[in-house]
Every structure is written in structure tokens, then in C-alpha cells.
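Scroll down for the structure; my scribbles are underneath it.
Starting from 1, each residue takes its place in the sequence as its number.
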Amino acid sequence: MATDILEQPVINSIDLNLDILQRKGVVAEEMEKLICKAPIKQDVKIGLIGIGFELHFDWEKAKQSYTQAIEQTKSVFGSNNQLLALKEPLQTKKELLKVLNNFNAEGMSGLIIYQASYIAGDLALALGNWLRENKIPLLSWSHGEVTGGRLTANRLCGQNFLLNILNSLEVKYSWVLNAPKTKQLDTILDRFIRVVSAKKRMQHANMLMIGGMRVPGFYDCELNEISIAKHFGLGVDRVDIETVWKHGDKFKKEDINNIVQKLINSKDCKFLKVSERELYLSVRFSLAIADYARQGEYLAVALKNWPELFDNYQIAGDGAGALVQDLGIPVADESDMGGLLTMITMNEISNGEALPTLTDLSILNTDENKLGMWHCGGSATKLLRKGTSFEIRNHSVLDNYDEEQSYGMLLEFLLEKGAITIAKYQYPHASSMLSFEGEIVNSPLRFRGAYGEVSPKNVQASAIVGTILSKGLDHHWIIGRGHIQEDLQEFNHWSNIKDLDFVKAATTGRSIQKNLNY
């Protein structure tokens, strides 16, 4: 089996990922015409409060710098954010508490405290006590001083003073000390706002498990639903496959067949070995999944690919899941709930730009410091590597047993090159995550299925594998586009989730106690 692999000009990772975002799935436009529209995202409100002390510092400069802080914060807002802010900084705890309560009543989901100047200590204490009661994510923002004369603001010391009090009160916070109008400051503000917005959208939302349970023996694909609610605010709805299958009755045969023809006649499709019946049923199932998920406003879907789809419906579900993912609905194969949580988080904090896909870690190449990430063929077609093709196949693992008894449809291809982040919330409580960044680099399709070869960044491939094996971590790993590890870590900070450390590079070892606080 040979998928075309053409050498392409070198393109930087940012351009590659931007190119992927601008792509459309092979049949996404046709599917969108037949299913419910995506729900409109709710606006998330962010509060910005300037604090200072007029008695000892230049209040006019404090007001000017606060006005600039408002404009810089607005500049990084997404289309679904609203700013809650006053025109001037506050000085007293009475003023502060009044504004905090007003902003909270308006639905504030995150708070940025801008250090316009040094502050009075009782204001810091009032903020800390309010945050202990209201549990709203806080970003403390300060920056340097104009030098060469009198100290006109003393911002850094004021931030130091504030965070000392918050720490003494055991109040969680994030902080940034960076000059205004810099790209790095924009990055930090943008990250905080995206993470806070993701947490708000996930609160009281639901994810869907089609098939109602994990696949046989995949114990690390199940999760404690109470712990999911505790850390993510998410609920889980479970539905049997037959209910979703029957949901497909609403679609007309000619519409389904039109999508099948568009898929198999795509210029990027170079091989087809799936029966007409299985193609039809797979596309029908993908429409049913997507429409059911849109109707229920589910953030994502865990799909129990087997054994029922094999035994009762005579199809493989991976290809159906791939087409659903092209519509912006994450789908985790094999009912992997930790995988699904990771996909949802990546999807939400990136505003849909991460395009997460589920894989196994199947190759360790210590000589070249690379990892081979593979799965059966359920990745979004948007991720097809430029200059290569996809193949429509029966399930390759079933082919290992008996090609005559295997089913389709799967979409097999090389994953696009570029910057990626690999991560996974660990079963059974999703209270910890291992994550790392890297690049998908040029390689052949080493196994049939969806495949990408990863060159890790800042950690050796053998340390990644050694950590997974020594700590006994889950067997699925989620690839998200872009370097978003710090985004995930910011999200985990506010969700009380532990980021796991790596062990030393090795290809042999002993078990390591996880020391997780469930």
C-alpha cells in the first residue's frame, strides 16, 4: 500500500497551522447543509480593575497607564468576550468591594487586576477575602517604572505586596510582570482570557458518549464522572448506539449518496477498498452523530467504535468520526473519556484551532529522537498532509486477522507537518496531565492508518516513553495543533489539575508512585 508522499518546500510551523485552519474537510460543506447549525457561543465577561494610591504617587500617570491597560486588554479579546471596567483606578477597599460585587452580578468570569501604582494593604486584604468567597480566576498585572527621577508608581513592589497577602490567604492567582504594548504581554493576556472563557463555556455543558460505556478491557478509557464535574464542570450523557443510528433515518438516501460520491471522487482520494454498503452506512452514521451532537449542544463525542459497530452494524466507525471532526466536533475513538476531555479542553482554549486528534504512541526511535503517533484512521481530513493523498480502507487491525471479514470505512493518511502539542488527562479521575510540545516532521506512512512522526521539543523522546511506562499512564494521546502546552497548564492551574513531571531518559525502569491527590 503506497500513499503518495511528495517533498514540499519548507514552510514554518505557524504558516502550516494557519493553512490547516483555512482548509475545509473533504465533504464538510455537504454535511453542513444537512445537519443542525452549530450553537452560538455565549459571551464571556472579563473584569479589569486598576488599583493604586493617590496620596504618595502620581495619580495622573496612574490614570493614564490604566487607560492604556484597558485598550491593550480590549485588543486581545475574542469575538465572544465583553469587558467590564471603570474609567479610573480604585483606591479604597469600599470602592473595590462595590465594583467587584457589581461585576459579579453582571456575570464576570475572570478578573484582571492592573497595578496602576502601589496600594494600601487593606485593599489587598479585601480583594483576597472576596476571592476566597467567589473563586474567580485572577491575573495580577504589573510592569516597570519610568526611571531617572522620583519613583512615581512603585508598581512591582505593590504587586509583591498584593500577592504576598493573597498567598497568605491561600488564594490562587496568576501573574505577569511585563512592559505594556509588547507581544509577550499580549500573549499572556490572551492566554488568560481564552482559558477563563473556555472554563466558563465548559461549566454545566455536556459531552456525549455514544455506546454508553468503554470498549472491552480499555479500563484507562473510563473516568469518574463526579471528578469530571469537580475539575471541569462538565456533565456526561450516555446514549446507546441504536438511538443515534436511528437518528440517521431523517437523512435521504440521495443526500447520503451524494456525500459518498464527493468523498470517493475527491482529487485527494487515491485508493478505495470499501464496499458500497459500508460507505453508505458510514456516511449515514457520521451525519447522525453530527446532527445528534449539534441538537444536544454537546461539546464533543466519545464513540464506542467496537465491538457493536463491527458485530451489529458491519461497519468500522473511525471514518464516520473523521468526517464529524471536520465539522469542528471532536470525536474520541474507543469511548476514551480522558481523551475526550483533553480534546474538549484543547478545542475550547484554542477557539477551535487545535483540531485535536486521538492517537496511540506506537514507535520510539531513540537514534533520531522521534516518536511515531498512529491510529486506525479516524482523524479529520483537514489534517491530511499537503502534497499527499488519503485512502479509504477497511479496518487495518481487522485485516490483520482476516481481510475477508474486515469492515470499513477508515480514512488513512499522513498527518500534516508542523507545531503540535501532545497531552492526555489521566484516568480514573482526570486529576493529572502529561503534556509536551514538538513538531510533526516529514516521514513515510510507516503503518496503515493516520500517522505522524514527532520530534519532541525540550524533552527527549525516550524520557517521554520512560515517563509513560514508569508511571503507568494511559495508552491514548491527543495531538493538538500549535504549541499550546502553557495554555493547558494555565487551564490546569485553575482546575486543580496536576501537571506531571518527566523522568530521566531511559528504555528500562521501575514503577513510580503517582502521588496524585484525588
[Y] versus [X], side-chain donor and acceptor atoms under 3.5 Å:
X	Y	result
Gln42	Asn80	no
Asn81	Ser197	yes
Gln426	Ser432	no

(request) Please report the closest heavy-atom contact between Ile440 and Leu415, naming both atoms and the distance. (result) CG2-O, 3.9 Å
(message) Considering only residues two or more places apart or on different chains, which pairs with a residue in residues 329-347 satisfy salt bridge (Lys or Arg N to Asp or Glu O under 4.0 Å)?
(response) Asp336-Lys424
Looking at residues at least two apart in the chain, or sitting in another chain, which of them share a salt bridge (charged side-chain N to carboxylate O under 4.0 Å, His left out) with [X]?
X	result
Glu353	none
Asp220	none
Glu225	Arg238
Glu490	none

Hey, does [Y] have a side-chain heavy atom less than 4.5 Å from the side chain of [X]?
X	Y	answer
Asp360	His476	yes
Thr366	Val465	no
Arg393	Phe271	yes

(request) Can you sort out the partners of Asp291 under side chain to side chain contact (heavy atoms under 4.5 Å, CB included), two or more places apart, ordered by chain and number? (result) Ile35, Cys36, His247, Lys250, Phe251, Gln295
Spacing of [X] atom [atom1] and [Y] atom [atom2] [to the nearest 0.5 Å]:
X	Y	atom1	atom2	answer
Lys230	Ser495	NZ	OG	11.5 Å
Leu323	Leu263	CG	CG	6.0 Å
Leu111	Ser109	CG	OG	11.0 Å
Met207	Asp237	CE	CG	10.0 Å
Ile479	Met346	CD1	CE	9.0 Å
Leu272	Phe390	CG	CZ	9.5 Å

(message) Keeping Gln460 on the side-chain end and Asn369 on the backbone end, is there a donor-acceptor pair under 3.5 Å?
(response) no
Output all residues satisfying side-chain hydrogen bond (donor to acceptor under 3.5 Å, both in side chains) with [X], sequence neighbours left out; order by chain, then residue number.
X	answer
Asn257	none
Asp402	Gln405
Lys41	none
Asn265	Gln261

(request) Taking the six-membered ring for Trp and the single ring otherwise, decide whether the centroids of Trp306 and Phe218 are under 6.0 Å apart. (result) yes
(request) Verify whether the ring centers belonging to Tyr425 and His231 lie closer than 6.0 Å. (result) no
(request) Return each pair, listed once, that meets ring-ring contact (aromatic ring centres under 6.0 Å, His included) where at least one residue sits in residues 341-369; pairs must be two or more places apart or across chains. (result) none
Per-pair distances, 0.1 Å, donor-acceptor, side chain in residues 311-319, under 3.5 Å, sequence neighbours excluded:
residue : atom : partner : partner atom : Å
Tyr313  : OH   : Glu242  : OE1          : 2.5
Gln314  : NE2  : Asp311  : O            : 2.8

(message) Whether Arg284 engages the ring of Trp245 as a cation-pi pair (distance to the six-membered ring centre under 6.0 angstrom, angle to the ring normal within 45°) should be assessed.
(response) yes
